[in-house]
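Report on the following structure.
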Protein chains: 2
Amino acid sequence: MSSTIDPNHMLPRYYQLVTILREKIDAGEWQPHEAIPSERQMEALYGVSRTTVRQAVGLLIRQGLIYQLHGKGTYVSPRKLQKGLVELTSFSEDMQQRGLKPGQRILELAVVDAPEKVRQHLELPPEVTTVTMLERVRTGDGQPIGLQTSYLNLPPGAELTRAELQERGSLYAILQEKHHINLVAADETLEVTVATPREALLLEVPAGSPLLLSERVLWTNERQAIEFVKILYRGDRYRYAVRLTR
Amino acid sequence: MSSTIDPNHMLPRYYQLVTILREKIDAGEWQPHEAIPSERQMEALYGVSRTTVRQAVGLLIRQGLIYQLHGKGTYVSPRKLQKGLVELTSFSEDMQQRGLKPGQRILELAVVDAPEKVRQHLELPPEVTTVTMLERVRTGDGQPIGLQTSYLNLPPGAELTRAELQERGSLYAILQEKHHINLVAADETLEVTVATPREALLLEVPAGSPLLLSERVLWTNERQAIEFVKILYRGDRYRYAVRLTR
DNA sequence: TAGTGGTCTAGACCACCCT
DNA sequence: GGGTGGTCTAGACCACTAA
């Protein structure tokens, strides 16, 4: 709960300023549509250069917390625009944000020949013929929400075990912490489909029920496609939210 | 098709540099995962400061065209990550990007009492009791794609006529050019539903067919909610695409 | 005219990667 | 050690808004 900037801190100064400003906004110290101090005032207030102020301000603008009007000032966004609807999240994070306890039932974990559709999405080179396939029923507060099928192009030597998955829950946490793979972006498509008998059974809905189908390609910080994941969501229990900007 | 920066040009230098770099990437002058000149090299190449180079580079990174690795360099993203999947677009722009000719059939255009749900989404003040309601069947290459219902909180005096809409096609173009309202962000949710008899008739599908329901709140550059839009898309003719980032 | 954000410069030092 | 991106400074001028 600091409100000054420490030049010797581990974190960069612009990021310390981001934290200070976000805390004030979250605490309601400035109301929506109210002007916050100008860039030159913050320069003096926090003892940093205007460039550094603008770096912090730019980040908060991209996160939707504040906005600027040329010649007028910098203002707090209305609360609806403050919620980060746009970020790349795992299923587990997604459920937690919705206030549901994430859970899973692992149906299958195996190394398989890559289907053609998966080859294309992951842009597999010819010498790679197999991928790791993981099928899970995902739950929120114990209720089935989605049927998830992942195809992973893991680096040689990297392996995935049921035990790890059971323990950690989140696949992304394992990739990040154990294999040092950073996921930074994803391309996702959404469409409508209806449940096959098998899907209906697993999701506990009548066969033919409408489902939301998400297909996602995940990219590492080096922009290699590493995972292609399909999630079939129950139409009655899931709503997808995004923020779009110009 | 310039490849130098003109200091006296109308456009800012960083933006001229963005254009130059984008043209080279689009032309395939640099291949995916190939390094482009370093920031200090571009400083010399284009006669601008490193700050300006970084401003251009940052914009292209946020658009997904390039990425940077600390201590290594700046690289071209693979093509799949170059397509802008994330931007706020109107239905007309959306159809054009998909290579379909956008069309519409106006069902209703009227000033109505604002329903409670609309009041909440638009955050209407108590003194505002009415909104402009516009219902249209949207088509792609003449085929029905979606049933769109818009609720607009227009500024006093601003009016919308069928003639304008028929002529311009795009509501956003009218708001922008005639009323100088800039739409800069939107919050959108997507879910699955099934067609009522009326919806089925208008969309030319059997009653009970699965549909994709989009609900969108549009924000101006001053972060006022100005439009609440519902679009019911035919499940068999529409797929939604987004790019997510960390 | 004064204050705001938008653009731009010419430096500097640090952290990281590779040889 | 030399090159890369990441952070930061102390200025400057311009474009826009409002009184």
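All chains are named by letter (A, B, ...) in the order of the sequence lines, taking the proteins before the strands, and each is independently numbered beginning at 1.
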Modelled atom types, side-chain donor and acceptor of Ser214(B) and Glu188(B), under 3.5 Å
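Yes, side-chain donor-acceptor contact under 3.5 Å.
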Residue pair Ile226(A) / Leu122(A): nearest heavy atoms and the distance that separates them
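Minimum heavy-atom separation between Ile226(A) and Leu122(A): C-CD2, 3.8 Å.
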How close do Val76(B) and Tyr67(B) get, counting heavy atoms only, and between which atoms?
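Answer, listing the atom of Val76(B) first, then Tyr67(B): O-CE2, 3.5 Å.
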Which value, rounded to the nearest 0.5 Å, describes the distance between Gln224(A) atom CD and Asn153(A) atom CG?
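Result: 9.0 Å between the selected atoms.
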Is any side-chain N or O of Lys72(B) closer than 4.0 Å to OP1 or OP2 of dC16(C)?
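Checking dC16(C) against Lys72(B), no side-chain N or O comes under 4.0 Å of OP1 or OP2.
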Sub-4.0 Å heavy-atom contacts from residues 36-53 of chain A onto DNA chain C, ordered by number:
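Ser38(A), Glu39(A), Arg40(A), Gln41(A), Arg50(A) - these, ordered by number, are the residues of the stretch whose heavy atoms sit under 4.0 Å from the strand.
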Does CD in Glu159(A) sit with more than 12 non-hydrogen atoms of other residues, nucleotides or ligands closer than 6.0 Å?
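For Glu159(A), atom CD is not crowded (no more than 12 foreign heavy atoms under 6.0 Å).
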Closer than 3.5 angstrom, by distance alone: can the side chain of Gln16(A) be matched with the main-chain N or O of Asp6(A) as a donor-acceptor pair?
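Confirmed, Gln16(A) side chain pairs with Asp6(A) backbone.
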Verify, without hydrogens or angle tests, whether Arg223(B) (side chain) and Asn221(B) (backbone) share a donor-acceptor contact under 3.5 angstrom.
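Checked: pair present.
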Just call it for Arg13(A): base, sugar-phosphate, or nothing, with non-hydrogen atoms closer than 4.0 Å on any strand.
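Counting heavy atoms under 4.0 Å across all strands, the contact made by Arg13(A) is with sugar-phosphate only.
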Can you say whether the rings of Phe228(A) and Tyr151(A) are parallel (under 30°), tilted (30 to 60°) or perpendicular (over 60°)?
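The rings of Phe228(A) and Tyr151(A) lie parallel, inter-plane angle below 30°.
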Outermost DNA chain D nucleotides near chain B [under 4.0 Å, heavy atoms]:
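Answer, 5' to 3': dG3(D) to dT7(D).
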